[in-house]
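So the structure is just underneath, and the comments pick up after that.
None of these values were measured; they are calculated from a predicted model.
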Amino acid sequence: MTRANLLVLSSCFLLLLAACSRPMQEFDPMVGYEGDTVCMEMNMTDAVLEGITLPAKGEMFHFAFDTTAGQQLYYKIYYQNESYKFDEKDSLAYENFYGSWEDKPVPEDGHIRDSFRIVGNPRDEKMYYGVDLNNFDASPTAVKAIEKEMLADTHWVRYASQVAAPQNNRTFEEQLFLDARWILNHRRHQGGEVNHRWKRNPRTGCYSFLLVVCDSAGLHSIPAEVQYIGTTDADSHYVNPYSWYFHNKSRHVTLLTGSKTLRTFARLTPQQGVYIDETQIRTSYTSKVEIPGRVGSDTGLYRHALYQQFFPAISQQYTLRNIPCVWNLDEYSYSDYCLMAARYDSTQLVYDYPHITDCPGSTVYPSPEGDYISVVNPGNAGSDHPKKESTGVKTRVGFTYGKFRGKIKFPPMLNGENMWNGLTYAFWLIYQDEQPWCNRRPSYHGGYIEKNDDSENPERLITNKYSEIDIEIVKASPYWPVGYYQGRGKPTKDPVAEGRSSDRVMFCCTNWDLACPEPRDFASGITRIPYQDHQYEAMRWYPNYKALTTKTPICNSVFSRDYYYYEIEWKPTEIIWRLGPDPEHMQVVGYMSDRYTAIPNNQMLCIMTQEYHYSEWWPPIVYEQGLIPFNASDIEGRLYEIIVE
């Protein structure tokens with residue numbers, strides 16, 4: 001795809017006037033706001049169910065201009081996000097975030113005083129509509145009501161008892177509970193007549209404003225799909241009005257760009273508590289912790305909490321073969337590691353998988369002051385059945401593109417002898433929903449491979465919901481396996497020994513592109529990606545592997561601070577990963593562009609996790625997960641806030 005460089009409605013806001021004699025004054029799109037750039041924090045109070053509006057709910061931007069009286073004129077205002085967009089000459093410019101309202105006649109006296117706001121789903125697309133979620137109930141009472149319906153269905157009872165429950169190694173009661181919760185979640189996603197503006201939220205960054213004034217002849221010359229942005233053209237495509245006007249000037253149409261820029265950002269804080277979405281729980285849990293206003297499933301948290309407990313998917317790709325030991329991991333040494341490897345044979349190991357909590361709210365909860373969220377891997381001291389339990393927290397307001405910066409306190413990953421605690425820390429983005437409204441753009445030249453399809457000849461799909469952009473921090477080798485270098489500068493040191501001996505851990509940056517081969521330099525093996533003064537070695541394990549990953553060593557000492565900043569800057573054509581002690585001193589630690597990997601364009605949520613992963617995922621293996629003992633005491637991380645700008 002060719003992308004021409006076209007200077008269009010940039011931050012300088014050049015005045016664009018067609019050959020028209022009507023005198024007009026300067027167009028101020030935000031009367032009452034000082035400065036050329038208006039900085040505005042997004043109001044997140046009702047963002048979960050109603051979406052983000054700019055300015056805040058119930059407020060409007062006001063603008064004014066004068067034109068010559070006596071002639072019937074029409075006017076319309078458009079806005080567009082300038083920070084995260086495709087060039088207006090690009091075929092994907094229709095994906096840009098832009099909006100408007102209906103055109104209106106200019107009053108006879110020529111004095112215009114009007115207002116507007118920036119809202120989600122500005123094209124009023126029906127794909128973003130759904131049922132009224134204000135009174136959605138995911139409580140145990142609601143689940144019990146659905147269970148009663150299911151028990152009255154003899155066909156379901158026969159299938160669940162004779163097929164589903166035995167296949168899934170569950171009791172009938174567990175299958176009943178999980179299926180009822182699935183139905184509850186399915187009903188939440190049924191079609192409806194409510195505009196779910198939160199499904200296509202306004203983007204963060206800078207906005208420009210374009211005012212169009214025309215006479216009757218000019219109005220009739222503007223296509224319907226430009227006048228009314230929710231209308232498509234003859235090819236069923238949306239038309240970006242910013243693109244159209246630059247190629248279709250008319251003496252009957254006058255264009256003005258706003259004299260001010262709007263710069264906006266979102267701050268997601270824990271003050272509104274942590275919601276437990278019972279439809280997302282992956283197990284038949286035994287209980288949950290409810291702290292009114294702080295953590296739970298009550299109506300206030302459902303409507304306003306910006307975070308929810310995240311329940312990691314537990315892969316059963318491998319089996320953990322754990323030594324049967326509970327240990328204070330601060331005192332676990334490499335000598336102990338070698339001793340444990342020699343002491344226990346296969347008959348003495350604990351064969352299991354990583355776990356998730358059976359008591360939601362007990363391991364993810366806000367501090368009493370609400371200034372951070374504790375994310376805890378519980379300890380096993382005194383337990384007869386120790387386990388490695390993964391944990392995490394997820395946002396509830398989605399964005400497409402942005403600079404996502406997490407203020408996080410991860411616990412030390414290595415102890416004083418550089419021994420690993422077995423955890424992988426992550427700050428990452430994930431697609432917001434499994435419904436079609438959240439699909440990636442279609443790929444007609446290669447397609448996507450389903451995330452869980454590891455077959456030899458996988459089906460390729462035109463579109464797919466799955467998108468994920470990761471920061472994963474793990475104790476691993478700084479090198480990829482030697483055989484993948486193919487003579488292009490093999491490591492001079494032993495990859496395993498080099499990874500084991502130092503106090504460095506790997507900052508791994510991944511884009512899950514589902515093996516879409518459309519990028520010009522799509523490849524498997526190691527690809528060197530240049531950015532600024534550095535080259536990043538990106539690995540795709542084989543042609544159908546669904547992700548591209550880079551690794552950069554960082555020092556374990558970053559975890560000794562009260563907090564650190566982890567950043568993913570996600571743009572339409574590139575992703576930049578950063579790390580730093582404060583927002584003004586961020587260091588680039590990873591980079592990819594659409595030359596090498598397919599950049600997602602669907603709306604995503606942000607997640608912080610502390611998970612037990614398999615060592616086999618990071619070859620060459622430095623430490624075996626199974627030879628890391630069960631942690632005796634709690635391992636606590638803290639999420640202070642996430643800024644999206």
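Here Ile146 contributes atom CD1 and His186 contributes atom NE2; the two are 11.0 Å apart, rounded to the nearest 0.5 Å.
The side-chain heavy atoms of Ile229 and Tyr98, taken from C-beta on, include a pair separated by under 4.5 Å. In this structure the side chain of Glu574 never reaches within 4.5 angstrom of the side chain of Ile599, judged on heavy atoms. Side-chain contact check for Ile473 versus Thr424: every heavy-atom pair is 4.5 Å or farther apart. Residues Thr550 and Met592 form a side-chain contact, since some pair of their non-hydrogen atoms from C-beta on lies under 4.5 Å apart. Inter-residue side-chain proximity for Met608 and Ile408 is flagged as met; some heavy-atom pair is nearer than 4.5 Å. Side-chain atoms of Arg460 and Asn544, non-hydrogen and from C-beta on, do get closer than 4.5 Å to each other.
Using a cutoff of 4.0 Å between basic side-chain nitrogens and carboxylate oxygens, Lys104 and Asp114 are scored as salt-bridged. A salt bridge links Asp454 with Lys546: at least one charged nitrogen is closer than 4.0 Å to a carboxylate oxygen. A salt bridge does not link Arg181 to Glu278: none of the charged nitrogens lies less than 4.0 Å from a carboxylate oxygen. A salt bridge does not link Glu59 with Arg117: every distance from a Lys NZ or Arg NE/NH1/NH2 to an Asp or Glu carboxylate oxygen is 4.0 Å or more. A salt bridge links Glu50 and Lys57; the closest N-O separation between the charged side-chain nitrogens and carboxylate oxygens is under 4.0 Å. Arg203 has no carboxylate O lying under 4.0 Å from a charged side-chain N of Glu95, or vice versa, which leaves the two without a salt bridge. One finds a salt bridge joining Lys465 and Glu450 here, because a Lys/Arg side-chain nitrogen approaches an Asp/Glu carboxylate oxygen to under 4.0 Å. With respect to the salt-bridge test (charged N to carboxylate O, under 4.0 angstrom), the residues Asp153 and Lys148 do not qualify. A salt bridge links Arg540 to Asp513: at least one charged side-chain nitrogen sits closer than 4.0 Å to a carboxylate oxygen.
Ring-plane geometry between Phe116 and Tyr79 is classed as parallel, the angle between the planes falling under 30 degrees on a 0 to 90 degree scale with a further cut at 60. The aromatic rings of Phe399 and Phe404 lie perpendicular to each other, with more than 60° between the two planes, well past the 30° mark. Relative orientation of the Tyr545 and Trp541 rings is perpendicular, given thresholds of 30° and 60° on the angle between their planes. The aromatic rings of Phe136 and Tyr302 are tilted relative to each other, their planes meeting at an angle between 30° and 60°.
Between the side chains of Arg303 and Asn134, at least one donor N or O lies within less than 3.5 Å of an accepting N or O. In this model, a donor atom of one side chain and an acceptor atom of the other lie less than 3.5 Å apart for Asn121 and Asn195. Between the side chains of Thr597 and Asn511, at least one donor-acceptor pair of N or O atoms lies under 3.5 Å. Under the 3.5 Å distance criterion, with hydrogens and angles disregarded, a donor-acceptor pair is assigned to the side chains of Trp512 and Asp470. Neither side chain, Arg441 nor Thr463, offers a donor N or O lying under 3.5 Å from an acceptor on the other.
Annotation: cation-pi geometry not satisfied between Lys199 and Tyr128 (NZ/CZ under 6.0 angstrom from ring centroid, within 45° of ring axis). In this structure, Arg123 is positioned above the aromatic face of Tyr238, its NZ or CZ under 6.0 Å from the six-membered ring centre and within 45° of the axis.
Each of Glu82, Gln80, Lys85, Lys260 was evaluated against Ser208; a single residue qualifies, Glu82, per the side chain to side chain donor-acceptor pair (under 3.5 Å) test. Here the options are Tyr84, Tyr401, Tyr207, the test is side chain to side chain contact (heavy atoms under 4.5 Å, CB included), and the partner is Phe97; only Tyr207 passes. Of the options Trp577, Phe310, Tyr566, Trp570, a ring-ring contact (aromatic ring centres under 6.0 Å, His included) to Trp428 is made by Phe310 and by none of the others.
The 12-atom threshold is not exceeded at CD of Glu193, counting heavy atoms of other residues, nucleotides or ligands nearer than 6.0 Å.
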Please table the atom pairs, donor to acceptor, closer than 3.5 Å between any side-chain atom in residues 269-276 and protein atoms at least two apart or in another chain.
{"unit_1": "Thr269", "atom_1": "OG1", "unit_2": "Gln271", "atom_2": "OE1", "d": "2.6"}
{"unit_1": "Gln271", "atom_1": "NE2", "unit_2": "Gly370", "atom_2": "O", "d": "3.3"}

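Among residues two or more places apart in sequence or in another chain, the side-chain contact (heavy atoms from CB on, under 4.5 Å) test is passed with Pro583 by Arg405, Tyr565.
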